[in-house]
Visitor: 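Just dropping this structure here.
Chain A is the first sequence line, chain B the second, and so forth, proteins listed ahead of strands; every chain is numbered from 1.
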Amino acid sequence: MTTSTAFQLEPVTTVGFVADQGGRGFHLPTDFAIRGDGRIFVASRSNMNALDIVGIQMATIDHQFFGQLGSHGQAPGQMIWPSALALDSQDNLYLADDFLQRVTVYDREGGVSATWGTKGSGDGEFDGVSGLLFDANDDLLLVDHRNHRVQKFTKDGRFVSKWGAFGSGDGELNLPWGISSDDEGFLYVADWRNDRIQKFTPDGEFVAKFGESGRGEGQLSRPSGLAVDSDGNMYIADWMNQRVQVLDRDGRFLTQLRGDAILGEWAVEYLNANADELDARSRFVPVFETDTDDPGEVSARIEPYFWDPVRVALDAQERVYVLETGRHRFQVYQRV
Amino acid sequence: MTTVQERQDVALMAHLLRRAGFGATPDELDRFMEMGYEAAVEGLLNPASDCEMPEDLIRRYHVDQSDLRNGGAAAAHWVYRMVNTDAVLREKMCLFWHRIFATASTKLIQARMVVNQVEMFRQYGMGSFRDILARLSRDPAMLMWLDNQDNHKDSINENYGREILELFSMGVGNYTEDDIKECARAFTGWRVVNPDYMSIKMRNNTARPYGYIAWQFEYDDDDHDHEEKRFLGEVGDFNGEDVVDIICRQPATARFIARHLYHFFVADELPVPQWPHFGPRDPEAIEIMAQAYFDSGFQISAMLRAMFNSDFFKSEASRFARIKSPAEMVVGTMRLAGPIDLPSTDTYAAAGACAAMGQGLLAPPSVEGWQGGSEWINTGAYVQRVNFASRVLNDPNKPGIRAIIDRMADGAYGMALSPQRLVDACLDALGPLPVLDSTRDGLIEYAEKWGDTTLPSEEGDRRAVTLIQLIVTTQEYQMV
């Protein structure tokens, strides 16, 4: 379902599969990062019944699957609650872990090159990293969400600066989640519990804010992440509204997406190997009128819709990738 | 100086809060004492506030409690609410209906559907029984649990038709086999959207390809039997709603629900399968509640009000006369320790502990639920209880324990507490909890090795925690 305006997006494909019993796919993913060559790293949080799936799965938009990086545990390279991913200019992959309160760095070959982090509220300490982003200088911006701030580190983990404090005023944050930037270097933070996006200069000076609480156009409910295209349009994961909203650089509503998932290659292969399910699918009504207006419950019932759309990312062609925690997949859109 | 009457009033209020809730901290007990007993009952029946469930935080930190597919995550989600809620009777009634309308995620696979069913109990569980039964009959978890998706006008499946009469409303002996079939006919066409696919997914026990799809009720008139039916002496083209109306008018229904309420809140009855053969232990109590049912137009709250205000509920003989269910034990102990912060893995551990003690939330062993009573206790379950309680109550800086210790310190007016006074203060804070003389003597003997204790202090706090941990291992603490 796409609201029709001059600005339009069309679905391209759906990549994913619930990997709760292992194998190809993801399980309760929390973040992803797209490398320049198209390889996509997806961090699966999974659950206590499927700890083997805790890790970073690797795939492409063409449904190739390259296995998993890392595993559940506390040793270097392992993780408990993977919460954020980012790639630096040399394609080193940075992973934040909300449980272990640390950052792990994997080199391009998947080796662990560094692990650092200390829980706390002092400079260089953090409490719950929920977003990672490399800026134009290859410094690491880290959303230190339970301290309601953003911190800047060098890529080897040395503290540089910090900004933000708890509150709802301009430049203040309430449990922020994701972070992004535009081509001009401005930073955008999903100010999660304030139901808004805030825009900052590269040094953390407040520039603008977008959104307010609600379900209407331009309103947000617990935004968890966003991406910004070369025109400055913001693609916002409007998490509790279970949609992606697109606002222009001034915050004007352009369009919204509710989700248009199709059966991707991995799903089709599964169904082709399970005739009873395939047969039942032939009589299946994927989208129907629901008897609830709770967006989360609607998402639980309508398979093509986004369910907990947690992150949005753009690839080199500015195609729009939407990662869904609840459906273990990402949907890809492109401008019409 | 506390008078005998005041002590009796406190003991009665504590009894009410154990049965209608999960026990009270000393501060909570004070607040309810200021209200008085009958006002407290009304407050429990009509809670002004509910648990401000921070769904956004829970879902963010515990992603498996967002899709609620996994049984452990779903049970943890319920534990959080039970521990943090102010509307304790509302949660207790969820447990009550969950025990009678026992529906298990183990068959349904997606625990989310049972969570939604419990939410229905939460919203309507103290309202009209007619409303509850009608909603239960449309509840997707119940429809799939009892196979009503296979109940067609040309080939009935009597499973739901049987259980709604036998287990959910009237009890064996108050209807015929023909009534069961006619009841099943009335519920033909009551199903979920996409029934074929949903049934196969449930049978195949797989979330593939994109996770489970939550069910939604759907009525298919083309698959409904519109022929005449004869049900409990009435004749007509009955649909499911009509059958529910007829059931709710039956005196047997009022007595059956009353007996269940008595069984859950007052004193253990015989196992339900024996009810057709043996009368209730207090027939007069059942009649009082049944009368309240009819006088109020089937309101469960009216039955509860009549029960909580009755002599049979208040009597000393009914106090500490039931064994705590695992949920009562686990939640009550956690509430003593204080509210849960997020993120926390405590709720998962608590849900696991409930299951290890014999009560897997959202996973009753069968459609007959848990019998409870003496079946809650065996050697393994007792060890689980002791380990859980002493693990939860292990830190003087947990807010609930801190409040208890500070309260004991206030009561000491700066004086050191003798071993005897320290033991009595701890017993008072945990109930007040009456214990056998031998139990009290044993605790005092243990405390005597410390000599007098000053609170608060690092050493005094540690002693208080140790005594509290010892008390929760006693037989008396297992009773409610």
Visitor: Please classify the contact between A/Phe288 and chain B as side chain, backbone, both or neither, with a heavy-atom cut-off of under 4.5 Å.
Guide: side chain
Visitor: Salt-bridged, A/Arg243 to A/Asp238, with N to O below 4.0 Å?
Guide: yes
Visitor: Do you know which of B/Gly211, B/Ala73, B/Gly72, B/Pro209 has the most heavy-atom pairs under 4.5 Å to chain A?
Guide: B/Pro209
Visitor: Under the criterion side chain to side chain contact (heavy atoms under 4.5 Å, CB included), which of A/Gln331, A/Arg258, A/Gln242 is the partner of A/Tyr305?
Guide: A/Arg258
Visitor: Between A/Arg281, A/Glu324, A/Met240, A/Gln21, which shows the greatest number of heavy-atom pairs under 4.5 Å with chain B?
Guide: A/Arg281
Visitor: Are B/Tyr61 and A/His145 an aromatic pair, judged by ring center distance below 6.0 Å?
Guide: yes
Visitor: How are the rings of B/Phe121 and B/Phe101 set relative to one another: parallel (under 30°), tilted (30 to 60°) or perpendicular (over 60°)?
Guide: tilted
Visitor: Within 45 degrees of the ring normal and closer than 6.0 Å to the centroid, is that where the cationic atom of B/Arg135 sits relative to B/Tyr124?
Guide: yes
Visitor: May I ask you to name which of B/Leu68, B/Thr345, B/Asp64, B/Leu57 has the most heavy-atom pairs under 4.5 Å with chain A?
Guide: B/Leu57
Visitor: Need one label for B/Arg60: side chain, backbone, both or neither, based on atoms under 4.5 Å from any heavy atom in chain A.
Guide: both
Visitor: Check each atom of A/Arg327 against the heavy atoms of chain B and say whether the ones under 4.5 Å are side chain, backbone, both or neither.
Guide: both
Visitor: Under 3.5 Å, is there a donor on one side chain and an acceptor on the other for A/Thr325 and A/Asp308?
Guide: no
Visitor: Tell me, side chain or backbone of A/Trp177 under 4.5 Å from chain B's heavy atoms, or both, or neither?
Guide: both
Visitor: Please flag which part of A/Tyr270 lies under 4.5 Å from any non-hydrogen atom of chain B: side chain, backbone, both or neither.
Guide: side chain
Visitor: Report which part of A/Glu269 has an atom under 4.5 Å of a heavy atom belonging to chain B: side chain, backbone, both, or neither.
Guide: neither
Visitor: Does the salt bridge (Lys or Arg N to Asp or Glu O under 4.0 Å) test come out yes or no for B/Lys201 and A/Glu277, once each step is laid out?
Guide: CA-CA 7 Å; B/Lys201 297 304 289 183; A/Glu277 292 188 31; 2.7 Å; yes
Visitor: Quick check on B/Arg59 against chain A: is it the side chain, the backbone, both or neither that has a heavy atom closer than 4.5 Å?
Guide: both
Visitor: In terms of ring plane angle, is the pair B/Phe187 and B/Tyr160 parallel, tilted or perpendicular, where the classes change at 30° and 60°?
Guide: perpendicular
Visitor: Based on non-hydrogen pairs under 4.5 Å, which of A/Leu271, A/Asp98, A/Leu175, A/Thr30 is most in contact with chain B?
Guide: A/Leu175
Visitor: Heavy-atom pairs under 4.5 Å with chain B - which of A/Trp307, A/Phe99, A/Trp192 has more of them than the others?
Guide: A/Trp192
Visitor: Using heavy-atom distances under 4.5 Å, tell me whether B/Ile200 contacts chain A through its side chain, its backbone, both, or neither.
Guide: side chain
Visitor: When you check the gap from the basic side-chain N to the acidic O, do B/Arg112 and B/Asp67 get nearer than 4.0 Å?
Guide: no
Visitor: Would B/Glu241 and B/Arg138 pass as an ion pair if we require N to O under 4.0 Å?
Guide: yes
Visitor: Quick one: of A/Ala19, A/Pro176, A/Gly128, who has the most non-hydrogen atom pairs under 4.5 Å with chain B?
Guide: A/Pro176
Visitor: Against chain B, work out which of A/Met48, A/Arg146, A/Arg193 has the most heavy-atom pairs shorter than 4.5 Å and name it.
Guide: A/Arg193
Visitor: By a 4.5 Å heavy-atom criterion (distance strictly below it), what part of A/Arg283 contacts chain B: side chain, backbone, both, or neither?
Guide: both
Visitor: Can you tell me which of B/Asp196, B/Val63, B/Asp56 forms the most heavy-atom pairs within a distance under 4.5 Å of chain A?
Guide: B/Asp56
Visitor: When you check the gap from the basic side-chain N to the acidic O, do A/Glu297 and A/Arg301 get nearer than 4.0 Å?
Guide: yes
